[in-house]
Amino acid sequence: MKLVVFDIDGTLVDSQNLIVEAQSRAFASLGLPAPSRERALSVVGLSLVEAFKALTNGEGPSDLLAQAYKEAWQQLRATPGFHDPLYPGAHDLLTELAGREDCLIGLATGKSRAGVKSLCERHGWHGLFATIQTADDAPSKPAPDMFLRALAETGLSPRDACMIGDTTFDMAMAHSAGAHAIGVAWGYHRHDKLTKAGAKQIVADFPALREVLEEFVQCVTI
């Protein structure tokens, strides 16, 4: 049995426009200048408070910004023109893997548990995941805690698990936990940074990811 853990934002869901706009509104609500788009996306994957600590170099009102971000996010979700679609192929791969007898799938994300619940309801994902780790459950990536909790909940060892993500935080988390790390090319961090953070492979699209995971799942460990 193998465990395949997915990040969400930038890996399964193309949420960059929502993230950047919600950050911009959060900063504006407190009379602060918003970061550039590149800077805004550089912290995707961290839990909200940690993300705002990074964006303000530890000198800003991180808790207040995080709360303002949540409020802006909810407003944007109801605004025509703002949405966070799945990347093409994401839903099919998840349902395919969840249907296998030799594989379990999970989520490890900087989103809140309420945010993940909403996402699962929207896409009919309830029951697909053997483990779901969120910002409410463990310290933020790149700490290995989320991944270690996923291993504990599924009873699998690091050598039988892999992390799929688009950021250095995902790769570093998996590497620290002793698991295999696979980076995706369509997300928010540069390829060279993913490799430096521990990515063993970087895939260009979901068909390529399917091939890599097929090889991983069938690999026999001793």
Side-chain angles (χ1 to χ4, degrees), residues 5-79 82-84 106-120 131-150 163-177 181 183-184 187-190 193-194 196-198:
V5 180
F6 289 87
D7 169 56
I8 294 179
D9 292 311
T11 301
L12 297 175
V13 178
D14 186 5
S15 49
Q16 58 181 306
N17 291 332
L18 271 172
I19 290 170
V20 172
E21 181 63 20
Q23 281 190 21
S24 179
R25 294 188 183 192
F27 277 95
S29 72
L30 297 177
L32 299 172
S36 67
R37 185 181 186 86
E38 180 180 5
R39 181 76 175 125
L41 293 176
S42 71
V43 299
V44 174
L46 296 176
S47 61
L48 281 182
V49 173
E50 292 302 315
F52 283 110
K53 283 182 181 177
L55 290 174
T56 60
N57 297 316
E59 299 176 353
S62 303
D63 291 329
L64 292 177
L65 284 166
Q67 183 57 42
Y69 177 93
K70 292 178 183 178
E71 293 170 2
W73 182 275
Q74 292 302 320
Q75 293 169 359
L76 288 167
R77 288 287 308 149
T79 302
F82 283 100
H83 64 293
D84 49 348
L107 297 173
T109 175
K111 285 182 176 296
S112 67
R113 186 160 287 275
V116 174
K117 180 180 178 181
S118 176
L119 181 72
C120 289
T131 180
I132 296 177
Q133 304 302 322
T134 74
D136 298 333
D137 308 314
S140 176
K141 303 171 186 177
D145 301 60
M146 284 190 190
F147 208 92
L148 294 175
R149 283 173 57 93
M163 179 70 199
I164 314 298
D166 70 301
T167 71
T168 57
F169 312 126
D170 299 311
M171 303 300 99
M173 176 180 67
H175 183 72
S176 295
V184 302
Y188 306 146
H189 285 190
R190 287 181 0 211
K193 290 188 175 182
L194 294 178
K196 187 175 181 179

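Here the side chain of S42 pairs a donor or acceptor atom with the backbone of R39 at under 3.5 angstrom. Formation of a donor-acceptor pair under 3.5 Å by the Y188 side chain with backbone atoms of T167 is not found in this model. Judged purely by atom type and a 3.5 angstrom limit, H175 has no side-chain atom pairing as donor or acceptor with the backbone of G198. No donor-acceptor distance shorter than 3.5 angstrom exists from the side chain of S62 to the backbone of G58, with no hydrogens or angles considered. In this structure, the side chain of S176 engages the main chain of A172 through a donor-acceptor pair within 3.5 Å.
The distance from the OG atom of S24 to the CG atom of L32 is 11.5 Å, given to the nearest 0.5 Å. One distance of note links NZ of K117 with NZ of K111; it measures 15.5 Å at 0.5 Å rounding. Here CD of E21 is found 13.0 Å from CD of Q16. Values are rounded to the nearest 0.5 Å. Taken from CD in E59 to OG1 in T56, the straight-line distance is 7.5 Å, to the nearest 0.5 Å. T109 OG1 to M146 CE: the interatomic distance, rounded to the nearest 0.5 Å, is 7.0 Å.
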Please walk me through it: do V43 and Q23 pass side chain to side chain contact (heavy atoms under 4.5 Å, CB included)? CA-CA 11 Å; V43 299; Q23 281 190 21; 3.9 Å; yes

Before you tell me yes or no, could you show the steps for I132 and R113 under side chain to side chain contact (heavy atoms under 4.5 Å, CB included), namely the whole-Å CA-CA distance, both residues' side-chain angles and the distance that decides it to 0.1 Å? CA-CA 8 Å; I132 296 177; R113 186 160 287 275; 4.3 Å; yes

Quick one, D166 with D7, criterion side chain to side chain contact (heavy atoms under 4.5 Å, CB included). Give me CA distance, side-chain angles, the key distance, then yes/no. CA-CA 8 Å; D166 70 301; D7 169 56; 2.9 Å; yes

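Closest heavy-atom contact between H189 and L41: NE2-O, 4.1 Å. Looking at every heavy atom in both residues, G165 comes nearest to D170 through CA-OD2, 3.4 Å. Annotation for H83 and L18: closest pair C-CD1, 3.8 Å, computed over non-hydrogen atoms. Of all heavy-atom pairs between A150 and T131, the closest is CA-OG1, 3.5 Å. Closest heavy-atom contact between A138 and R149: CB-CD, 3.7 Å. Considering every non-hydrogen atom in both A181 and M171, the closest pair reads CB-SD, 3.8 Å.
Side-chain contact between Y69 and I19 is present, with heavy atoms from C-beta onward closer than 4.5 Å. A heavy-atom distance below 4.5 Å is not found between the side chains of Q133 and M173. Under the 4.5 Å side-chain criterion, counting only non-hydrogen atoms from C-beta, P142 is not in contact with F147. Between L12 and L107 there is a side-chain heavy-atom pair separated by less than 4.5 Å. Residues L48 and K70 form a side-chain contact, since some pair of their non-hydrogen atoms from C-beta on lies under 4.5 Å apart. Contact annotation: the side chain of W73 approaches that of S15 to within less than 4.5 Å [non-hydrogen atoms, C-beta and beyond]. Within the 4.5 Å cutoff, no side-chain heavy atoms of K141 are placed close to those of E50. Looking only at side-chain heavy atoms (C-beta outward), V5 and I164 stay at 4.5 Å or farther from each other.
In this structure, the ring of F27 has its center less than 6.0 angstrom from the ring center of F52.
Side-chain contact annotation: D136 with S112, donor-acceptor N/O pair under 3.5 Å absent.
Each of V49, N57, L55 was checked for a side chain to side chain contact (heavy atoms under 4.5 Å, CB included) with K53, and the lone residue meeting it is V49.
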